[in-house]
Amino acid sequence: MFDYDFPLNINDLLYRARDLFSKREVVTRYPEGVHRYTYGDFYGRVCQLAHALDQLGLKKGEKVGSFAWNTFRHLELYFALPCTERILHTVNIRIPQEHFVHTINKAEDRFLFVDEDLVPIIERVQDRLETVEGYIVMSPSGRLPQTSLRSVYDYEELLAGQDEDYPFPEFIDEKTTALMCFTSATTGLPKGVEYTHRGVVLHTLAISLPDAANMSEKMTLLLVVPMFHVLSWGCPFACTMVGAKQVFPGPQPTPGDLARLIQDERVTHTAGVPTVWLALLDEIKLGKYDFSSLQEVLVGGSAPPRSLMEAYEEHGIPMVHAYGMTEAYPVVLVSRLKSYLEDLSREEQYYYRMKQGLLMPLLRGKVVGESGREVAHDGKELGELWLRGPWIARGYYREEEKTRETFGDGWYHTGDVVSIDQEGYIQIADRTKDLIKSGGEWISSVELENAIMAHPAVREAVVIAASHPKWNERPLACAVLKEGEDPRGKKKEIKEMLSQKFPSWWLPDDVVFVEEIPKTSVGKFDKKELRKKFGDYYMGK
Ligand code: AMP
């Protein structure tokens with residue numbers, strides 16, 4: 001039937017949780033209280049949901065959108081759709097209305113599963129959703145709220161009374177699309193990426209390895225990365241496969257909510273972007289909650305400042321740096337020290353640990369310089385990172401031109417400018433569009449940002465390329481000071497600090513203090529807004 005031996009199906013991750021880990025827990029925080037059940041209960045409900053999808057008349061290969069927080073119900077969707085040969089499109093709830101309406105229409109979602117508190121957002125756009133035939137509201141109370149949505153169902157009512165077993169297909173062609181996600185688009189409209197059963201299973205196995213996320217049944221993982229953003233970095237699948245306890249932060253989690261969950265559920269591991277860990281650090285410092293169960297924090301999505309990693313380590317919580325993107329399910333690099341590097345001094349260890357890391361098994365990568373040749377492995381020469389492998393997307397969904405531009409030669413051109421050292425550790429200098437080209441030479445904004453954030457008075461900082469009449473572009477630093485810090489004299493201090501580390505032509509000509517740094521929908525610094533505001537800062541100077 002298949003031209004390969006045994007297809008890789010997400011179904012087998014689900015069956016493993018059912019057969020081996022039926023007593024392990026899945027916990028969700030709701031403002032109303034904590035919901036908990038076991039993988040045994042979870043399996044029964046995935047089956048009930050599969051029956052409900054049949055009743056809705058959903059055919060193989062059709063798509064359903066989720067507009068939801070990280071909860072156990074979202075986890076049920078993660079499995080019930082792919083395991084019955086349908087496709088789950090996880091819609092980003094934080095992007096502008098124009099953008100998420102575009103993604104739902106482009107994906108042609110037939111139904112939309114919506115968390116109760118997000119219903120008003122969907123009510124406002126329902127007339128513009130061209131393919132959605134019905135809405136399924138997921139409410140913590142299990143009762144349908146008052147709503148102007150048409151063709152609306154209650155999630156719990158759909159499941160109630162359904163059989164807790166389901167005749168899943170014996171095999172699904174592993175190249176079948178299982179899930180879909182759109183890029184969080186820093187330019188233009190989001191682009192769709194499809195994830196296959198094969199890609200998800202191989203990615204799940206790879207991230208579970210000891211030198212990646214080191215997944216184990218003994219773990220309790222707090223899933224902070226939104227499930228609408230690149231499959232929450234693959235954590236829901238990996239946890240289910242290994243039987244780890246999953247803890248979902250639910251709707252609108254605050255840093256205090258995360259801290260309480262870590263304490264109450266004895267969380268051992270978690271993963272997320274630096275801005276989340278920056279906010280949680282304040283909670284750790286307050287000393288109100290018990291963080292003693294936490295063994296490791298995975299940080300990625302953007303580069304963490306060294307000061308952040310050090311601060312966590314001072315509290316006995318090691319941070320591990322990782323890198324990836326929507327086009328790669330997402331994990332590509334993880335930075336753990338090789339055994340013989342552990343003998344190095346602390347300073348030398350940080351040299352490697354601050355880098356984005358080593359390529360995951362089964363992925364191929366090359367760093368291509370401006371000349372079109374691969375750069376030297378000297379940790380200095382810069383080039384664009386190109387990738388291929390079983391979980392690197394083949395293209396953008398129904399975007400021929402953009403696919404040709406980015407994937408045309410069989411390699412995915414990441415748009416990230418990196419160096420690679422003799423040990424194979426890759427370091428991101430910048431996004432191609434964020435690089436600063438001053439007088440024909442490149443300046444890395446990321447390195448400058450990290451150095452500025454090491455200043456004790458600085459909370460957050462970005463460095464942007466501002467147009468310059470003489471040098472074409474010059475770096476401009478935008479910084480947010482910590483509460484109560486007086487900006488007087490700080491510009492000079494920051495510049496002096498940078499001058500000890502970087503050549504003079506790298507130094508930002510100016511530092512502007514701003515109230516806050518805008519963030520993207522997934523919590524990364526959004527330089528676009530600052531570029532708009534300060535892009536001409538040096539013109540006429
Ligand atoms: P997204 O598809 O929204 O996850 O964004 C992917 C992009 O985020 C990558 O192409 C990088 O530019 C950036 N990124 C991801 N992880 C890191 C990291 N650890 N350090 C620096 N940039 C990162």
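This structure is a prediction, so every number in the text was calculated from the model and none was measured. Atoms within a ligand are numbered from 1 in the order they appear, just like the ligands themselves.
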| Location of contacts on Asp416 toward ligand 1, heavy atoms closer than 4.0 Å | side chain
| message | Using a plain distance cutoff, I'd like to know if His321 has any nitrogen or oxygen under 3.5 Å from a nitrogen or oxygen of ligand 1. | response | yes
| said: For ligand 1, which is the ligand I care about here, please tell me if Val230 has any N or O atom under 3.5 Å from one of the ligand's N or O atoms. | reply: no
| Contact check, Gly324 vs ligand 1, heavy-atom distance below 4.0 Å | yes
| query | Taking C-beta and beyond as the side chain, do Pro251 and Arg29 meet within less than 4.5 Å on heavy atoms? | reply | yes
| How does Ala322 reach ligand 1, if at all, at less than 4.0 Å between non-hydrogen atoms: by side chain, backbone, both, or neither? | backbone
| request: Among Val462, Leu476, Ile436, find the one that has a side-chain contact (heavy atoms from CB on, under 4.5 Å) with Ser445. | output: Ile436
| message | What I want to know is whether Val299 and ligand 1 share at least one N or O pair that is separated by under 3.5 angstrom. | response | no
| Within reach of ligand 1, part of Met325 (heavy-atom separation under 4.0 Å) | both
| task | Test Tyr537 against Ile464 for side-chain contact (heavy atoms from CB on, under 4.5 Å), laying out the working first. | result | CA-CA 11 Å; Tyr537 190 80; Ile464 58 164; over 6 Å; no
| When rounded to the nearest 0.5 angstrom, what distance separates CE in Met309 from CG in Asn450? | 10.5 Å
| field | Contact (N/O only, under 3.5 Å) between Tyr323 and ligand 1 | value | no
| How many angstroms lie between atom CZ of Phe182 and atom NE2 of His89, to the nearest 0.5 angstrom? | 4.5 Å
